[in-house]
K.L.:
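Below: one structure in structure tokens.
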Amino acid sequence: MISCSLEAINNIPCLLLTLATILTVTLLIRNKQQRSKPAAGLNLPPGPWQLPIIGNIHQLIGHRQPHRRLRSLAHKYGPDVMSLQLGELSYIVISTPEAAQQVMKTHDLEFASRPSLLAPNVLFNGCKDIAFAPYGEYWRQMRKIGVLELFSGKRVQSFRRVREEEVSNLVDSIALLAETGEAVDLTSMMSAVTSAVTSRAAFGKAPEEDMVDVLLNHQENQDLGIPITDEVIKGVTLELFLAGIDTSTTAFEWIMSEMIVNPTVLKRAQEEVRQVFADGSVDEAGLRQLKYLDMVISEVLLPRENAEKATLDAYDIPINTKVIVNAWTINRDSRYWTEPEKFYPERFMDGSVDYRGTHFQFIPFGAGRRMCPGMSFSLAIVKLTLASLLFHFRWRVPTEMTREGLDMTECFGAALRRKNALRLIPVLFDDIA
Ligand code: HEM
């Protein structure tokens, strides 16, 4: 079993799924139905003061790291649940594990919808995907296909050879480049590996049934309540790429970065990999033994929405309020984690907390009904790539830098990526051909 590490995410991915986009969209959309003027007499969650028309936008705009800004606003105005008004749209921001549990467990059903946003509506032809589909019959059907067929353990396992081939190609390319002594761009390389695996898993070129085949079979057999149209096939396929590539690349690049600036962790992880695969080749069968490397990852944040009036912590939450679960803040709650900002994988060694959505102090993949169905698909690639790169190479920072000086600047976007690509110098271990 893979277990995830806080440290990897400490610098990673708070995927506040493009709050920037939401802000822009908020300003653009004049959708009267979305207008959610709180009715008088409601006990709304506390929040910062608002300006007419724009609400709280001015308190976020200009901040290059909205996830940090949301944390400081929450500390001041609503530590558990905070109201925010962004233009005409009402939001609540969830910043503690307890409040996250309320939204994603106790009231999961009430908050299981997604807001109707312009960008995904256009991109997925009226949200004919899984992630942005509003809660209802269509989403339930597609989610079931996702969990039971597209991303099931068996399906992920069926792509093992694909992953091993792509990662082995990566190792070969890096080995060639290692002869030059130059730094390699690991961010682009990981992105290429993830795209290649996703594309082969989606479109085949392998004996296994691929993901598009699964959808085409349903279309042909007409065996589902809601027909699988060409738009649905296009939407779900596009989502495989959009939801999977950036998130997995981001997880990988931050984990590598953190190990580089924490050489004792790197050394321990490397020793473990080289001991487990002492016979000379890395394969997926041995990955399970890499307990220390079992620290991954990433947090994404797709807003949720309540399709009906709800209550939370005795606060009234009007219909169609968008819910931002600030996983970045929650995963760093000092009531649950000692030195939460420190890169310290050993904190996960006793296995009492994992990322599978039952421990609300650590929810990189979300939790509840809308939890990420692509988790195993992603972790399989990330872990195999890390193990292979640690097994075959020593890693050095470019000569103009020190380990401590490795650039760790975050860049807010669809994922909290590194601002600059991760460039490191590979040195092939002498004892490996
Ligand atoms: C490190 C990698 C990844 C992370 C950290 C991640 C994280 C997340 C999170 C936090 C959510 C929202 C959960 C919620 O609302 O409670 C989500 C949803 C989703 N993710 Fe991922 N994800 C990753 C990789 C992937 C991959 C590889 C795929 C597919 C190829 C994928 C497909 C999806 C889909 C379809 C949803 C929407 C589920 C729904 O609304 O029912 N994810 N992900």
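Indexing begins at 1, ligand by ligand and atom by atom, following the structure's order.
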K.L.:
Once you measure the plane-to-plane angle for F132 and F124, does it fall in the parallel (<30°), tilted (30-60°) or perpendicular (>60°) bin?
P.N.:
parallel

K.L.:
If the cut-off is 4.0 Å to any non-hydrogen atom of P364, which atoms of ligand 1 fall inside it?
P.N.:
5 (C), 7 (C), 10 (C)

K.L.:
Any ion pair linking K267 and E271 (charged N to carboxylate O, less than 4.0 Å)?
P.N.:
yes

K.L.:
With atom 11 (C) of ligand 1 as the reference point, say which of A380, C372, A133, P134 has the nearest heavy atom.
P.N.:
C372

K.L.:
Below a 4.0 angstrom heavy-atom separation, can you tell me which part of M375, side chain or backbone, both or neither, approaches ligand 1?
P.N.:
neither

K.L.:
Measuring from non-hydrogen atoms of F132 to any atom of ligand 1, is the shortest distance under 4.0 Å?
P.N.:
no

K.L.:
State, without any angle test, whether S378 and S248 hold a side-chain donor-acceptor pair at a distance under 3.5 Å.
P.N.:
yes

K.L.:
Could you say whether the N/O atoms of S378 and ligand 1 ever approach to under 3.5 Å?
P.N.:
no

K.L.:
Determine whether the side chains of E209 and N217 contain a donor N or O and an acceptor N or O closer than 3.5 Å.
P.N.:
yes

K.L.:
For ligand 1, which atoms have a heavy atom of G244 less than 4.0 angstrom away?
P.N.:
26 (C), 27 (C)

K.L.:
Any idea which atoms of ligand 1 are less than 4.0 Å away from a heavy-atom of E239?
P.N.:
35 (C)

K.L.:
Can you name the atoms of ligand 1, numbered from 1 with element, that are less than 4.0 Å from a heavy atom of W139?
P.N.:
39 (C), 40 (O), 41 (O)

K.L.:
Examine ligand 1 and decide if any of its atoms is less than 4.0 Å from a heavy atom belonging to A367.
P.N.:
yes

K.L.:
What atoms of ligand 1 come within less than 4.0 Å of a heavy atom belonging to I130?
P.N.:
40 (O), 41 (O)

K.L.:
Show me which atoms of ligand 1 lie under 4.0 Å from any heavy atom of M104.
P.N.:
16 (O)

K.L.:
Nearest heavy atom to atom 32 (C) of ligand 1: which of S376, S248, S113, A243 does it belong to?
P.N.:
A243

K.L.:
Against heavy atoms of R143, which atoms of ligand 1 measure under 4.0 Å?
P.N.:
38 (C), 39 (C), 41 (O)

K.L.:
Taking the cut-offs as 6.0 angstrom to the six-membered ring centre and 45 degrees off its axis, would you call R140 and Y135 a cation-pi pair?
P.N.:
yes

K.L.:
Can you tell which of R155, K154, K144, H218 makes a side-chain hydrogen bond (donor to acceptor under 3.5 Å, both in side chains) with E149?
P.N.:
H218

K.L.:
Between the side chains of D333 and T96, does any donor sit under 3.5 Å from an acceptor?
P.N.:
no

K.L.:
What residues, two or more places apart in sequence or in another chain, satisfy side chain to side chain contact (heavy atoms under 4.5 Å, CB included) together with R143?
P.N.:
W139, V147, M371, P373

K.L.:
Only heavy atoms count here, so choose which of R369, R370, R140 is nearest to atom 12 (C) of ligand 1.
P.N.:
R370

K.L.:
When you measure from the centre of the six-membered ring of F391, is the NZ or CZ of R274 under 6.0 Å away and within 45° of the axis?
P.N.:
yes

K.L.:
Between S83 and N56, which heavy-atom pair has the shortest distance, and what is it?
P.N.:
O-OD1, 4.5 Å

K.L.:
Where the closest heavy atom to atom 15 (O) of ligand 1 is concerned, which of M371, R114, M142 has it?
P.N.:
R114

K.L.:
Show which atoms of ligand 1 fall inside a sub-4.0 Å distance from at least one heavy-atom site of P373.
P.N.:
19 (C), 20 (N), 33 (C), 34 (C), 35 (C), 36 (C), 38 (C)

